[in-house]
Every structure is written in structure tokens, then in C-alpha cells.
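Since we're looking at a predicted model, the values are computed, not measured. What's counted below: heavy atoms across the whole structure, side chains too, no hydrogens, waters or symmetry copies. A, B, ... follow the sequence lines: proteins, then strands. Residue 1 opens every chain.
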Amino acid sequence: MNRDLQQPARAPDTITSDAWQSLRAATSARIALGRAGGSLPTHEWLKFKAAHAAARDAVHNEFHAADLARELHDLGLKSIVVESAAVDRMTYLQRPDLGRRLSDASRKQLEAFDHSGAAPDVAIIVSDGLSALAVHRQAPPLLSALAPRLSERQVSLSPVVVARFGRVALEDEIGQLLRARLAVILIGERPGLGSPDSLGAYLVHGPKAGNADARRNCVSNIRPEGLPIEAAAETLVYLITESLRRQISGVELKDDRMVPSPPNPAALPSRE
Amino acid sequence: MAFTAAGSTFRDLKTLLAKASPLRSGDVLAGLAAESDRERVAAQLALADVPLSQFLAEPLIPYDKDEVTRLILDGHDLDAFRPVADLTVGEFRNWLLRYETTGESLAAIAPGLTPEMAAAVSKLMRNQDLILVASKCRVVTRFRNTIGLPGRLSIRLQPNHPTDDPAGIGSSILDGLLYGCGDAVIGINPATDSTETVVRLLHMLAELIERYEIPTQSCVLAHITTQLAAIERGAPVDLVFQSIAGTETANKSFGIDLALLKEARDAVLSLNRGAVGANVMYFETGQGSCLSAGPHHGVDQQTLEARAYGVARHFQPLLVNTVVGFIGPEYLYDGKQIIRAGLEDHFCGKLLGVPMGCDVCYTNHAEADQDDMDNLMTLLAAAGCNYFMGVPGADDIMLNYQSTSFHDAHYLRQLLGLRPAPEFEAWLERMGIVDQEHRLVSVSAKHRLLATIEESSDVQ
């Protein structure tokens, strides 16, 4: 029997339903769930478990870097596949410091990068971070919207660097090795219960190891149900062109077009 | 001074404490953890023989470099310390467990204990010790109601919304109140830290509380400077909130120092909005926050966390809670580490005289699930924890983590016969939300609380 998680077959009389169902229209919070005695009814409990399972899978799913590189190639974008110094997922989760730098082999690979042409304006890095699902779903369409907009504005790009097990600050080392004026990392965010596939973008002017997080601008919650691809691309184009023009990033660079303003970084954890 | 046991030598007190700390990923990340289980137990053996007075003689972070160290040592009460002054850390654990050591004797020595002493003895205690000793401590605080009495369990109603939408927040508040929650505080984490948003939310909460004469308090958990700006603009602030940590440098990275906390406390006290007491501060803490915000000074994360309670108690707060599983697996890897940390934090806070609650929680990249949260909340409720969070369905849609739910609160109250703060309990009965047996009543759509929301949504 195939039972959809969205609807129970009938309203059973083993639960006490709540009289304020209509309020559910005002929020995606889990309100008016009803109760069995005082406890969560079976169906709501299993819905919660399903959402948690999706978020867990997003954290632990494998990152298919080569497939992503092929997709980027089809979009006309060159790419380089690298790895951070974190050797596996468990190390990655416990050692954020290792995710912030390249493995020795990958560093040598980028050091050997051919710098004969002009230094690029922007290095774009794509990393699985805490949700490979987010990267696989959102990164190709976002790059497909972003790249042409940037070239229209005469902003030059390095090859896209696809990095496994990266943290946000990995953009510093990569951007520096590629001699880019600015680095942007597109990275899977910490999955929420209702948002397993949320992508974040962090840009920094003058990428170099040791940059403080206050020097980065963040565009968060990029996914169709959050900040849609087209809107995210517009925001990034604005931030990138303003950052290059004014040679600043982070707290000094505000997105004057954007409402609401970004959350207070002191009050919120990094969502990398 | 170096310490030795079982063939291992530890070069100073902070190294000894770090090596004696039960395993957790944050100490490994900091490079402070014991190299092996045997080294850890050797450190615990050596720690058991350290006199408590050693912690007064050997500050872990230098007195002249850190204002938290100065606050702790300058505020230390030698008279209160006297009953335990001659004990070692190991003897102190025994003393705490004695029948003769009661809630009264623990309250009497609290001003004589430093956070480092509390952290040290906790490292020699198993979970049942942390639960039993904490259950003897009672820390009672008051603003519009009385929190922390024996047999009571309060809940912070946490109605967050990703865009701070008043209708969305209001709906979650209603859901919580109708499930008997909200006596610790109705506290919103705003998505945006603008003064305008904070002022608007404060007015909304104050109107709700006044209109229904709810014996509780409100709080909008913006940065402390934003709350001060809101006070200047005449907003009805009940409690001032701030995240705090156990070092001057970590606090600086939060944009605060002790002088700013004092300034904020004075400002909110001058509004004089309490009814039964004047505990006006609300603090949150969490193991790992110092390292994630800056240097650890060679001190393990659990000891630094206890130092945050040293900061908290100075300001006579209404509420203090560790947000134990929020920080992520790089500091507390799995359910086992989160549970241990939650019990340690609650124990250390209570021993120091802090009105300790706990945000029993986890993120989706930690190795933890609802079963781990059930274990921790049940253990903490047995230990006499003052309050937990109440988040609709345990799913915080703004902060993207899982905390405890209104249903969880009712589970604990049923299981252990715990009741809300007395003033709030009387209100719940008056409003027909719970019956004489403390069970939830099935309210109709015509209930007074529901009628209002219908009105206010008509207006919009």
C-alpha cells in the first residue's frame, strides 16, 4: 500500500485536534499539530522523522564532483576539481580548520596553474559543504544565470574550482592561488528540517589566507522556496560589481537594494 | 605548578583540567584533549588530589589580561568558601553527595565557589552525580512570576519566524499558550537586528501580555546594543538578553564587555516593569563559543563555559540557559557528548547559584536525533532544571535547528508531576487551558485567545 505522507487517510478519533488549524496559513512553523493525550500524534511524528531523514541525507550524501564538472562544461564553463585537507566526511564535520585549506596535492595543482593570461577578476569556487544536494540542485542553474551577466559587464572569470569538503574560508586560499581580485564560494548550507537543499554564496575582496569573516558578504538560503535563482544571481552581480569597483567587501559593503537586511552575525551561527 | 598521577605529568592546572575533561570534539579541535583514555583517567586521578584552594592561587587565564578572571576572583567570598576550603577536588565530590549536604548548605557555599572549582569537580562526576547534586540545588528568580520552585518546570515560548512576520509569530505564540507554555518568557530571536523590528515586536508582545494579563515576561533576543536603543525609543522591555562567554576576548567578539552588561541592566531596571521581583537579565551560553569566537587560552571548553556562569551570576539574571547542541559537531559530536555537556552545564550553573535552564537541541549535521533529546530533557527535568524551550513541533524555522516542543513540555510535566510557575498555572486554569488535573483542555475556536487573532487578522 502506498501512503502519501501529506494526508492521513481519515481523521482518526485517537487524537485531539486543535481548533486553530486556520493559523497554519500564517507560518510554516509546526503549529496546531493536535495531540494524543499530550503527545505528538503518530502521523506528525513520522512527518518530522521524514524531514529529519531528508536533512541527514543532505549532509551525508556523496558529492559527485566529476558529474558537476561535466555539467559546467555543458554550460560552457571550464572547471578544476580539487579537495580540501579533510580526507572524509567524519573528519570534515569535526575539523573545520581542515576544510578551510587545500590538500597538498590540490595546492600544488593550483600552484601549477597557468598564469600566462591576465589575472581574473573573480574566482568562483563550488563546494559541497554541509549539503551536496544543495550544490547539485542549485549551483548549475545559478552559474548559468550568473556567468553571462558577469561577462556582459566585462568581469573576467577564472575556471570554476570544484572543491570537495570545503568550508567558506577555502575561498581565500583558492582565490589567492588563482590571483583573483575577488573570490566567491557557492557552498551547501547547514540543512534545516524544511530546507535540505539551501545554497549559500560568500564573497570576499582580496582573497588571502586569514581573512576575517567580517570581510565577507553572504547571500543565504538560495533555493526555489527561499531566495530564487534569478534573484540570487542579480544580488550576486550587484555585490560583485560593487565590490570590484569600490575594492571592499564585508560589513563595509551593504546591499542597498536588498530588504530585509542580513541578520546580525553575532546573533547567528555561521551556516557553512 | 605541575601535577602527576599514574605515570603522567601535567604541566599546569589548565592542562590538567583539559586532559581530565570527558572526551568531546571541541577539545580535540583545540588540541587540548587527552591523547588516550588512560591519560584522561590519570588526569582525573591527579585532579582528585588538587586542593580547591589551588584554583584561587592559580588563575587559568591571567588576572591582568582578562576581566572575567578579575570578576570571578574579586567577587570571591572567602567566608562562604570556608566549609569546603580544606577539601581536595575529589573530597569535594564526596562532600556534595553526602546526605548532610542539602540545598541550604549548597546555596550557602555558592558565593565561595569559583566556576573553575565547579568545572573541576564535574569532571570527576558521572552523569548520576551531576543529576543528584543539581537536584538538591534550588535557584528561584522572579519578575512577573516565580521560576525555579521545587516541583515546577517552566518553558520559554520561542515563536521565531524567518521574516519576523507578526502574524506568523503570533500564531506560534498562541499555539504555545494553548499548550500551557510560556511561563519562563515569551522570547523571540529576531531574523533582523534592526531597532525598528525589535521595537515593533516588543510592543506586540507587551500588548498581548497586558491584554490577557498573562503573568509572564517578554524578550526580543537582539544584540544588547539594539535592545538599549529600543529602550531609548521608549519600547516596553521586560528583560535584556545577551549571549555571553567565559573570556574577555570571546565577549569582545560578541560586541560586549562587563560595563555594557551593567549599563543595560541599569537601563532596564529603571523601567521597573516587574511585578513580583526584579531579576531582569536573560543570558545564553554554550560550550565551544569561546573557541569559535577566538582563542581558548589553553582552557578546555567546559571550564570556559562554567566561567560564563561566573559572568551571569554577577548580574542576578531571571534566566540563563546553555544552548547545548546548537554549536555543531565540531564542538559536541554526537548525542552522547551533547547529553553529557547538558548535564555538566546545568550542574555547574546550579552549583554556582545560577537559575539554569537548557535549550536541549541539536543540528542536522550532528550525530543526534529525537531519542537523544528525549534522554537529555528527561534527565535534566529529573535534575530540577528550571526551564526548557518550547518551539512548535521542535522545529525552529528561523534558526534551522531542533529544540524541544510544547508537546515535550507536557510530556515532562505528565511524567514527573511538574507544574508551571504558580502565577502562570493559575492563569492557565482561569483561561480554561488546563483543568484541575493539569491536563490540557480541548479548547473551541471561540476561546478568548483565538477570538483576538481572528480580529487582528481581519485588520490586516
Side-chain angles (χ1 to χ4, degrees), chain A residues 16-33 35-41 44-45 47-49 51-52 54-56 58-60 90 93-97 130-131 189-196 198 221 226 259-271, chain B residues 25 28-29 159-165 167-172 174-175 178 189-194 221-223 226 243 253-255 326-330 333 363-365 369-370 391-395 397 399-402 405 407 410-411 413-414 439-440 442-445 447 450 453 457:
Chain A
T16 307
S17 58
D18 295 326
W20 52 96
Q21 301 289 331
S22 61
L23 296 180
R24 295 182 81 147
T27 178
S28 57
R30 292 169 196 258
I31 62 168
L33 301 180
R35 53 194 170 83
S39 300
L40 205 56
E44 291 296 342
W45 162 229
K47 266 169 77 174
F48 180 100
K49 285 191 83 167
H52 185 233
R56 294 286 294 157
V59 171
H60 290 278
M90 194 168 150
L93 289 173
Q94 294 189 71
R95 292 290 303 272
D97 53 327
L130 288 168
S131 174
E189 293 186 319
R190 199 175 84 188
L193 224 47
S195 54
S198 177
N221 198 22
V259 226
S261 55
N264 168 25
L268 286 173
S270 165
R271 297 190 57 202
Chain B
S25 48
V28 176
L29 176 64
N160 298 340
H161 188 274
T163 61
D164 296 328
D165 174 57
I169 289 171
S171 299
S172 290
L174 216 55
D175 195 60
L178 290 165
N189 298 89
T192 58
D193 203 77
S194 79
L221 288 73
H223 192 264
T226 312
S243 290
S253 83
F254 292 166
F326 189 69
I327 193 153
E330 59 267 45
Y333 182 66
T363 60
N364 289 316
H365 60 317
D369 61 19
Q370 291 301 98
V391 177
D395 173 11
I397 55 171
L399 293 172
N400 279 318
Y401 77 124
Q402 282 90 257
S405 68
H407 293 78
H410 196 69
Y411 147 72
R413 285 172 174 168
Q414 272 190 95
R439 291 178 170 182
L440 292 169
S442 175
V443 306
S444 83
H447 190 276
L450 292 172
I453 292 285
S457 48

I'd like to know whether A:Trp20 forms a side chain to side chain contact (heavy atoms under 4.5 Å, CB included) with B:Leu178, so could you lay out the CA-CA distance, the side-chain angles of the two residues, the decisive distance to 0.1 Å, and finally the verdict. CA-CA 10 Å; A:Trp20 52 96; B:Leu178 290 165; 3.5 Å; yes
Please look at B:His407 and chain A and tell me whether the side chain, the backbone, both or neither of the residue comes under 4.5 angstrom of a heavy atom of that chain. both
Using side chain to side chain contact (heavy atoms under 4.5 Å, CB included), reason through B:Leu399 and B:Phe326 one step at a time and then give a plain yes or no. CA-CA 9 Å; B:Leu399 293 172; B:Phe326 189 69; 4.2 Å; yes
Distance, nearest 0.5 Å, that separates CZ of A:Arg24 from CG of A:Leu33: 5.5 Å
Counting heavy-atom pairs under 4.5 Å to chain B, which of A:Arg35, A:Lys49, A:Arg95 comes out on top? A:Arg35
Measure the CG-NE2 distance between A:Leu93 and A:His60 for me, rounded to the nearest 0.5 Å. 6.0 Å
Given that the side chain runs from C-beta out, which part of A:Ser28 has a heavy atom under 4.5 Å from chain B: side chain, backbone, both or neither? both
Winner by heavy-atom pair count (cut-off under 4.5 Å) against chain A, out of B:Gly328, B:Ser444, B:Ala394, B:Gly168: B:Gly168
With a 4.5 angstrom heavy-atom cut-off, could you sort out which part of B:Asp369 is near chain A: side chain, backbone, both or neither? both
Residue from A:Leu193, A:Val59, A:Thr27 scoring the most non-hydrogen pairs under 4.5 Å with chain B is A:Leu193
Spatial distance of atom CG (A:Leu23) from atom CG (B:Leu174) [nearest 0.5 Å]: 6.0 Å
